[in-house]
Visitor: 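Have a look at this one.
Chain letters run A, B, ... following the sequence lines, proteins first, then strands; residues in each count from 1. Just so you know, these numbers come straight off a predicted model, no measurement behind them.
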Amino acid sequence: MSEAKATTNFIRQIVDRDLAEGKNDGRVVTRFPPEPNGYLHIGHAKSICLNFGIASAYQGQCHLRFDDTNPEKEDDEYIQAIQDDVTWLGFEWSGPVRFASGYFDRLYDYAVALIRQGLAYVDTQSPEQIAEMRGNFTTPGRHSPHRDRDVDENLALFEKMRDGGFDEGAAVLRAKIDMANPNLTLRDPILYRIRKKAHHQTGDKWVIYPMYDFTHPLSDAIEGITHSLCTLEFEEHRPLYDWLVEHAAIEAKPRQYEFSRLNLNFTVTSKRRLKLLVDEGHVNGWDDPRMPTLAGLRRRGYTPAAIRNFCESVGVSRADSVIDMSLLEEAVRDDLNQHAPRAFCVINPLKLVIENWPQDHEESLEVPQHPQDESMGTRRMPITREVFIDQDDFREEANKKYKRLVLGDRVRLRYGYVVRAHDVVRDDQGEIIEIRCSYDPDTLGKNPENDEGQGKLRGVIHWVSAVHGVPCEVRQYDRLFQVANPAKVPEGGHFLDTLNPDSLRVLSRCLVEPALANAEPGSRFQFEREGYFCVDQDSDAQRRVFNRVVGLRESWPREA
RNA sequence: UGGGGUAUAGCCAAGUUGGUAAGGCAGCGGGUUUUGAUCCCGUCAUUCCCAGGUUCGAGUCCUGGUACCCCAGCCA
């Protein structure tokens with residue numbers, strides 16, 4: 001039921017403590033800082049929910065800031081898609097959409113200020129030399145021969161960098177920190193590099209671009225971010241973050257805190273791999289319903305509330321973890337069970353002829369949209385002499401655990417009458433193509449008189465009128481990968497090796513009840529006894545396509 | 001290999017001055033049910049990575065191990 005209640009986590013405890021100590025004048029300002037180089041996925045949802053969630057829990061603010069410092073990988077396409085996803089998830093950022101690139105001028109000034117303080121220098125070594133001089137885990141780095149250039153020369157050189165006087169790779173600006181530090185990010189980290197590429201926001205104004213490590217803390221400080229939340233891999237960057245905040249002479253002192261990223265089994269959540277799936281055509285785009293992207297989940301039929309509840313339920317900690325896909329699925333079921341109207345859809349149709357039903361007789365049954373929620377109203381469902389039921393709902397013989405139609409036995413057509421199967425009709429191959437049955441007219445809305453000594457009905461099955469049923473296509477999805485951890489590739493293998501070849505099953509001979517003939521793309525239903533479905537955007541008046549969001553929980557005896 | 005992290009049930013995760021292991025998901029058993037769904041009830045860690053130690057008392061403190069994750073981009 002309802003929104004999962006927020007449990008505490010270490011981030012909230014830090015905020016509580018800061019507030020108790022009166023830090024930041026009681027302000028709480030967070031930010032969600034995506035790089036526009038791909039679509040957002042379920043892992044980002046965790047970060048979005050955390051950042052926006054903290055802000056709203058403390059009457060604070062959360063900024064949306066594009067961390068766009070690398071024009072080579074970024075694209076305008078992603079900027080709109082990311083905003084759409086955040087909005088769709090149900091969050092509203094405070095103020096305008098921000099861009100790190102919007103701070104390039106100020107960032108440049110901060111860099112100049114560092115140079116003036118003797119804390120940064122222009123290094124004109126080659127990339128190879130710089131890498132080689134950095135040392136490694138066991139060997140300390142060595143000073144660049146340019147480390148002690150005087151301030152004026154550095155200023156002139158940095159200006160020359162800015163003005164295009166160097167080729168790409170010919171010079172970088174570095175912070176002067178500690179080449180022997182065991183933390184490699186402190187070995188005179190590069191602050192600016194030369195890229196003669198147009199930037200999606202700043203055009204060709206710049207040929208030098210600041211690095212993430214330089215940009216992020218200063219952007220946070222500029223925006224007055226109080227709590228800068230990021231994932232664990234940035235932990236060793238924190239000393240540099242603090243160093244820059246310390247030396248850049250900005251009043252604000254944002255603090256960085258790291259949490260573990262969200263991993264889901266049987267899928268991948270790395271932009272690189274997701275992009276590969278798209279680029280090589282293993283899926284049909286970023287919004288393919290099998291993708292763990294927000295766009296994919298949305299198209300699949302996931303609701304924002306389901307994803308928010310899911311993120312709440314997985315919690316926030318610093319321990320590496322892999323969340324079971326079933327938790328995500330349970331989150332949508334929970335939401336859709338409450339809110340999705342019910343409908344009948346026969347996936348694999350098998351004709352059922354009610355022999356004692358008058359030839360052209362029709363009845364219109366009034367059935368609830370949601371059996372547990374009267375406020376959702378009712379709909380009309382026509383029943384006729386011939387209906388379709390699912391092939392899986394009929395057997396010529398079965399033990400009593402099989403709660404569906406069996407030759408010679410009775411079952412209820414849900415919301416309609418009780419029928420008894422008498423006979424089957426076969427085609428030339430011997431396949432059953434039709435069931436002949438009779439109905440008991442006195443069983444609408446009540447149980448049959450028990451004078452036949454039959455005991456209880458076997459069960460209840462769904463059906464669709466053969467006359468009024470609407471043809472549709474159903475797309476059933478399965479996990480994208482066959483192994484729990486596709487990112488763990490064995491020696492000599494490739495992560496694509498474990499792609500699930502049956503992740504998409506298209507069933508095109510399905511029949512849905514007429515009430516759904518004009519269902520809007522994006523609308524969601526529970527197809528009773530089948531699962532939750534969402535009208536795909538490929539649907540139109542001619543063709544109706546339903547995506548299976550997730551099946552109903554199933555718990556019936558294997559032997560039946 | 002140097003540094004930085006993390007270990008509580010099948011999967012997550014609370015546990016903050018040491019006081020006798022929350023909660024969710026999964027599982028199991030039962031009840032209601034015109035969806036094998038939902039809903040409801042019950043059950044599910046004598047034990048917290050391991051080994052010692054301190055203490056009346058340790059998941060929490062101390063010592064020593066072990067396992068896993070991250071870092072050697074002019075990516076973020």
Visitor: Ignoring backbone atoms, establish whether A:Arg238 has a side-chain N or O less than 4.0 Å from OP1 or OP2 of B:rG5.
Guide: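 No, because none of the side-chain N or O atoms of A:Arg238 sits under 4.0 Å from OP1 or OP2 of B:rG5.
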Visitor: Please walk me through it: do A:His199 and A:Phe104 pass ring pair (Phe, Tyr, Trp, His ring centres under 6.0 Å)?
Guide: CA-CA 12 Å; A:His199 185 281; A:Phe104 281 176; 5.7 Å; yes
Visitor: Of A:Leu444 and A:Val322, whose closest RNA chain B nucleotide lies nearer the 5' terminus?
Guide: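 It is A:Val322 whose nearest nucleotide is closer to the 5' end.
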Visitor: Just verifying a value: how many Å separate A:Asp68 CG and A:Lys73 NZ, rounded to the nearest 0.5 Å?
Guide: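 Taking CG in A:Asp68 and NZ in A:Lys73, the distance rounds to 14.5 Å.
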Visitor: For the pair made of CG in A:Asn447 and P in B:rU33, what is the distance, rounded to whole Å?
Guide: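 Atom CG in A:Asn447 sits about 10 Å away from atom P in B:rU33.
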Visitor: How does RNA chain B read in dot-bracket, base by base from 5' to 3', with Watson-Crick or G-U pairs under 3.5 Å and | used when the partner is on another strand?
Guide: .(((((((.[[[..)...(...]]].(((((.......))))).....[[[[[..)....]]]]])))))).....
Visitor: Distance only, no hydrogens: is a donor on one side chain within 3.5 Å (strictly under) of an acceptor on the other, for A:Arg149 and A:Thr124?
Guide: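 A:Arg149 vs A:Thr124: donor-acceptor pair found between side chains.
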Visitor: Does any donor atom in the side chain of A:Asp188 or A:Tyr121 lie under 3.5 Å from an acceptor atom in the other side chain?
Guide: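 Present: a donor and an acceptor within the cut-off.
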Visitor: According to a strict under-4.0 Å criterion, is A:Gln13 in side-chain N/O contact with OP1 or OP2 of B:rG15?
Guide: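 Yes, because at least one side-chain N or O of A:Gln13 sits under 4.0 Å from OP1 or OP2 of B:rG15.
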Visitor: Among residues 264-271 of chain A, which ones have heavy-atom contacts with RNA chain B below 4.0 Å?
Guide: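 Result for residues 264-271 of chain A: none.
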Visitor: Quick one about A:Glu77 and A:Tyr39 (side-chain donor to acceptor, distance below 3.5 Å, no hydrogens or angles considered), yes or no?
Guide: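 A:Tyr39 vs A:Glu77: donor-acceptor pair found between side chains.
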Visitor: Pick base, sugar-phosphate or nothing for A:Lys446, based on heavy-atom distances below 4.0 Å to the nucleic acid.
Guide: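 Result for A:Lys446 = base.
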Visitor: Check whether any side-chain nitrogen or oxygen of A:Ser317 sits under 4.0 Å from OP1 or OP2 of B:rU6, and answer yes or no.
Guide: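 For A:Ser317, the contact criterion (side-chain N or O under 4.0 Å from OP1 or OP2 of B:rU6) is not met.
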Visitor: Would you say the side chain of A:Arg412 and the base of B:rU34 hold a donor-acceptor pair, judged only by whether the two atoms sit under 3.5 Å apart?
Guide: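 Such a pair is found, so the answer is yes.
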Visitor: Is a side-chain donor-acceptor pair under 3.5 Å present for A:Asn136 with A:Thr138?
Guide: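 A pair is found: one side chain offers a donor N or O, the other an acceptor, under 3.5 Å apart.
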Visitor: Between B:rA26 and B:rU43, how far apart are the two C1' atoms, rounded to whole Å?
Guide: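 After rounding to an integer number of Å, I get 14 Å for this pair.
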Visitor: Kindly say whether, by distance alone, the side chain of A:Arg404 makes a donor-acceptor pair under 3.5 Å with the base of B:rG36?
Guide: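 Such a pair is found, so the answer is yes.
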Visitor: B:rG53 and B:rC40: how far apart are their C1' atoms, nearest whole angstrom?
Guide: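 The answer is 49 Å between these two C1' atoms.
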Visitor: State the CG-CG distance between A:Asn485 and A:Leu264, to the nearest 0.5 angstrom.
Guide: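 Here the interatomic distance stands at 11.5 Å.
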Visitor: Please round to the nearest 0.5 Å and tell me the distance separating atom NE2 of A:His44 and atom CZ of A:Phe32.
Guide: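 It comes to 5.5 Å.
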Visitor: Check whether any side-chain nitrogen or oxygen of A:Arg333 sits under 4.0 Å from OP1 or OP2 of B:rA37, and answer yes or no.
Guide: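 Answer is no, no contact under 4.0 Å.
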Visitor: Does NZ or CZ of A:Arg195 fall inside the cone over A:Tyr209's six-membered ring, less than 6.0 Å from its centre and within 45° of the axis?
Guide: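 Because its charged atom misses either the 6.0 Å distance or the 45° angle limit, A:Arg195 does not stack over A:Tyr209.
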Visitor: Could you give the distance separating B:rA14 and B:rA7 at their P atoms, to the nearest angstrom?
Guide: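 One P to the other, the span is 9 Å.
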Visitor: Quick one: the side chain of A:Gln338 and the base of B:rU38, do they pair up donor-acceptor inside 3.5 Å?
Guide: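 Side chain to base: no pair below 3.5 Å.
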Visitor: Give the B/S/- string for nucleotides 67-76 of chain B, one per nucleotide from 5' to 3', where a protein heavy atom under 4.0 Å of the base yields B, of only the sugar-phosphate yields S, and otherwise -.
Guide: --SBBB-BSB
Visitor: Between the side chains of A:Glu528 and A:Gln526, is a donor N or O closer than 3.5 angstrom to an acceptor N or O?
Guide: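 No, no side-chain donor-acceptor contact under 3.5 Å.
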Visitor: Please report the distance separating the C1' of B:rA45 from the corresponding atom of B:rU8, rounded so that it comes out in whole Å.
Guide: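 It comes out at 9 Å once rounded to the nearest Å.
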Visitor: Taking the cut-offs as 6.0 angstrom to the six-membered ring centre and 45 degrees off its axis, would you call A:Arg273 and A:Phe495 a cation-pi pair?
Guide: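 Because its charged atom sits under 6.0 Å from the ring centre and within 45° of the axis, A:Arg273 does stack over A:Phe495.
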Visitor: Just by distance, with hydrogens left out, do A:Thr378 and A:Glu366 show a side-chain donor and acceptor under 3.5 Å apart?
Guide: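 A donor-acceptor contact under 3.5 Å links the two side chains.
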Visitor: Return the orientation label for the A:Trp206 and A:Tyr108 ring planes: parallel under 30°, perpendicular over 60°, tilted otherwise.
Guide: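 Ring orientation of A:Trp206 relative to A:Tyr108: tilted.
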Visitor: Look at the side chain of A:Glu530 and the base of B:rU35, then say whether one donor and one acceptor between them are separated by less than 3.5 Å.
Guide: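 No, no donor-acceptor pair under 3.5 Å.
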Visitor: Need one value for A:Arg318: base, sugar-phosphate or nothing, where a base atom within 4.0 Å counts as base even if backbone is also close, heavy atoms only.
Guide: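 It contacts sugar-phosphate atoms only.
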Visitor: Pull up the glycosidic torsion of B:rG73 and say syn or anti, syn being anything within 90° of 0.
Guide: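 Base orientation: syn.
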Visitor: Report yes if a side-chain nitrogen or oxygen of A:Arg553 is closer than 4.0 Å to either non-bridging phosphate oxygen (OP1 or OP2) of B:rA37; otherwise report no.
Guide: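 It does not, given that no N or O in the side chain of A:Arg553 lies less than 4.0 Å from OP1 or OP2 of B:rA37.
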